[in-house]
Amino acid sequence: MSCSCHDQDPLIPQIAVIKEVRVDTHDVTTFKIVDNFGKKPFEFLPGQCAMISIPPIGEAIFSITSSPSQEEFIECSIKKCGTVTDYLHQLEAGSEIGVRGPYGNNFPVEELKNKDLVFIGGGIGLAPLRSVINYVMDNRDDFGKVDIVYGARTPGDLVHSKDIFDVWPKEKDTTVHLTVDSLSENWDGNVGFVPNYVKTLGFDSNKIALVCGPPIMIKYTLQALEEMGFKKDQVYTTLELKMKCGIGKCGRCNIGDKYVCKDGPVFRCDEITELPNEY
Amino acid sequence: MKKILKTKLPELWQKIDADFDLFLPIEKNKTLNFSLWKEGEKVNLDRVRTNASPKHLVFPQTETYLKFKNENKKLSLEVVEAEGDEYVLFGVRPCDVKSFKLLDNIFLRDPVDTYYKVHRDRGIIISLGCSNPEDTCFCTSFGVEAASAPEGADIAAWDMGDSFLWKTQSEKGQKLMESVEEFFTDAHEKDLKTLEHEKDNIREKLKELPFSNIDLSKIKGTQQEIFDQEEIWNEFSEKCLACGTCSYLCPTCHCYDLCDYKGSNKGEKFRCWDSCMSSDFTLMAHGNPRTSQMQRLRQRFMHKLVYYPKNHEGVYSCVGCGRCADRCPVHIDIVKIIKKLGGEKNEL
């Protein structure tokens, strides 16, 4: 996938502006990003990523959480967990950053048309799924029934609360199933880990599942789906490894002969089983 | 085919140096490396192997690509273009010539690395046949023809004792040839016969080398099966010091890091060579998929022998230059790995 954001080397970022900062949880913030002219920095497909740089702190890759149908900006929901993200969380609206992309492949939305979809997210893993979910909502008649399963450690860790509580449940043929890891005050929803919760929901195995979350959650969710009769070619997930260049050249995000930044981050699960277990 | 007497080389270097940056194998403190030639430098075209490969000319060890200033929410970026004049690189051995092709497969595929392309395009490569291969050479196992004119060289040269024979192979080579024609004479029939004899000599020498008969086809199994031979990977990694010498000296290793120079709010973004031997190569905020040296060593050799070939029509990411065999402080090298993976019970 060639980079469309500039005519120069694919490593060169363009200047972008943080248009809006929305604090989602104590450690997750969503940044609305526009280019120097106040427009969307580049076109992308659902599941693709952007490389954000804050010189001299560094550069890191993030999934884009807004829908490609959104024409004004891109959004990235970023969890505070390292040098670059810590610094990003200090930035205010109006701050200029570097951005390059889009990188990686995408969820195959064309192939998913007319199918029933189950989105399964854990924690910040809802971020890349939100891009597809909102794309599906923007083209609602092209897709079948939609179930969204989403879990986090505590109710306070659930990101995109407006979407999950107010927007998506009201969409046609769409159900949102929420869970948290342990009993909490002010929570009358399900309590339990996502994989177990998925099993109790008992989905028909003719649906397509799109799974994203921390590695441990993905591992057990894929097992749960298999037990429920989902075949590996009906399940998509995203993988995450250290990335620097984003274009399959710097050499650090490979799993076997695949580069997560170029051949991923989206993988169909039958592709993953062919890869060495090193992620 | 053209011929130049060795006594004319100093004049040839001067003439080339007037129009180009001239890089030759130059000896300094007993170390031989491709360096910028200046009058009086000690050029050594006899030793077959330079300490480092010439990859730094197309893929510099560090290279700044962006200057920035970040102040009061405002960011300014200034692209630093690839620097350097046109250059001539003389004395590149056929293994190192092939390594450029392997790097091309990475850096010139879409999206093209423009910095690499600039460095690559501005160079004229003159190869030199290997009259005296070293004991640790094993290029023949990787399809390199140390006697023949290597594909990818603009000019191929052979050492004929008191002279060099010189065959132009590209437009760039032809252009250079025309500019230095006065130093050359046409090769005679006798010279060509002597060259064929010399090539046969080289081939005979190569056959006799201790590592010349490595059989890569003995490495059988799927990617997963080779990956899963943990006993072998453990055996090697127990010795590995993770120094990264193998990666830095390897002409085909291309992994790099991108860094910001953190002086102040002003600085530079640069890239530099990196090695999968280092533990922080894959370290993320929430963990590391390769926690042991076994996993890191396995990655390097799986990449060369399995992953790269899978992505590049069966071509291995090794040219048999022998630098890793020569320089690893604990004597781990790709030959031993190939033999072990191929079922041989060789000593480590």
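Letters A, B, ... mirror the listed sequences (proteins, then strands); counts begin at 1.
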Under 3.5 Å: donor-acceptor pair, side chain of [X], backbone of [Y]:
X        : Y        : result
A:Asp9   : B:Thr114 : yes
B:Lys73  : A:Ala93  : yes
A:Lys249 : B:Arg109 : yes
A:Arg252 : B:Phe281 : yes
A:Glu96  : B:Lys74  : no
B:His286 : A:Cys81  : no
B:Asn70  : A:Pro55  : yes

Contact origin within [X] toward chain B - heavy atom pairs under 4.5 Å:
X        : answer
A:Ile97  : backbone
A:Glu274 : backbone
A:Asn277 : backbone
A:Ile57  : backbone
A:Cys245 : both

Structural part of [X] lying under 4.5 Å from a heavy atom of chain A:
X        : result
B:Arg298 : side chain
B:Val112 : backbone
B:Tyr308 : neither
B:Ser76  : backbone

Heavy-atom closest pair, residues [X] and [Y]:
X        : Y        : result
B:Tyr307 : A:Asp257 : CD2-N, 3.7 Å
A:Leu241 : B:Pro289 : CD2-CG, 3.3 Å
B:Asn311 : A:Tyr259 : ND2-CE1, 4.5 Å
B:Phe68  : A:Pro56  : CZ-CB, 3.5 Å
B:Leu66  : A:Pro13  : CD2-CD, 3.5 Å
A:Pro276 : B:Gln223 : CD-NE2, 3.3 Å

Below 4.5 Å, heavy-atom pairs only: which of [options] has the largest tally toward chain A?
options                                : answer
B:Glu268, B:Arg290, B:Lys269           : B:Arg290
B:Thr282, B:Leu283, B:Asp113, B:Asp257 : B:Asp257
B:His303, B:Met302, B:Gln299           : B:Gln299

[X] atom [atom1]: more than 12 heavy-atom contacts under 6.0 Å:
X        : atom1 : answer
B:Lys117 : NZ    : no
A:Lys40  : NZ    : yes
A:Gln223 : CD    : yes
A:Tyr87  : OH    : no
A:Arg22  : CZ    : yes

Among A:Gly251, A:Ser95, A:Gly256, single out the residue with the greatest number of heavy-atom pairs under 4.5 Å to chain B.
A:Gly256
Between the SG atom in B:Cys259 and the CD atom in A:Glu59, the distance rounded to the nearest 0.5 Å is 10.5 Å
To the nearest 0.5 Å, what is the distance between SG on B:Cys255 and CG on A:Asn254?
8.0 Å
Side chains of A:Leu275 and B:Phe227: does their closest heavy-atom pair fall under 4.5 Å?
no
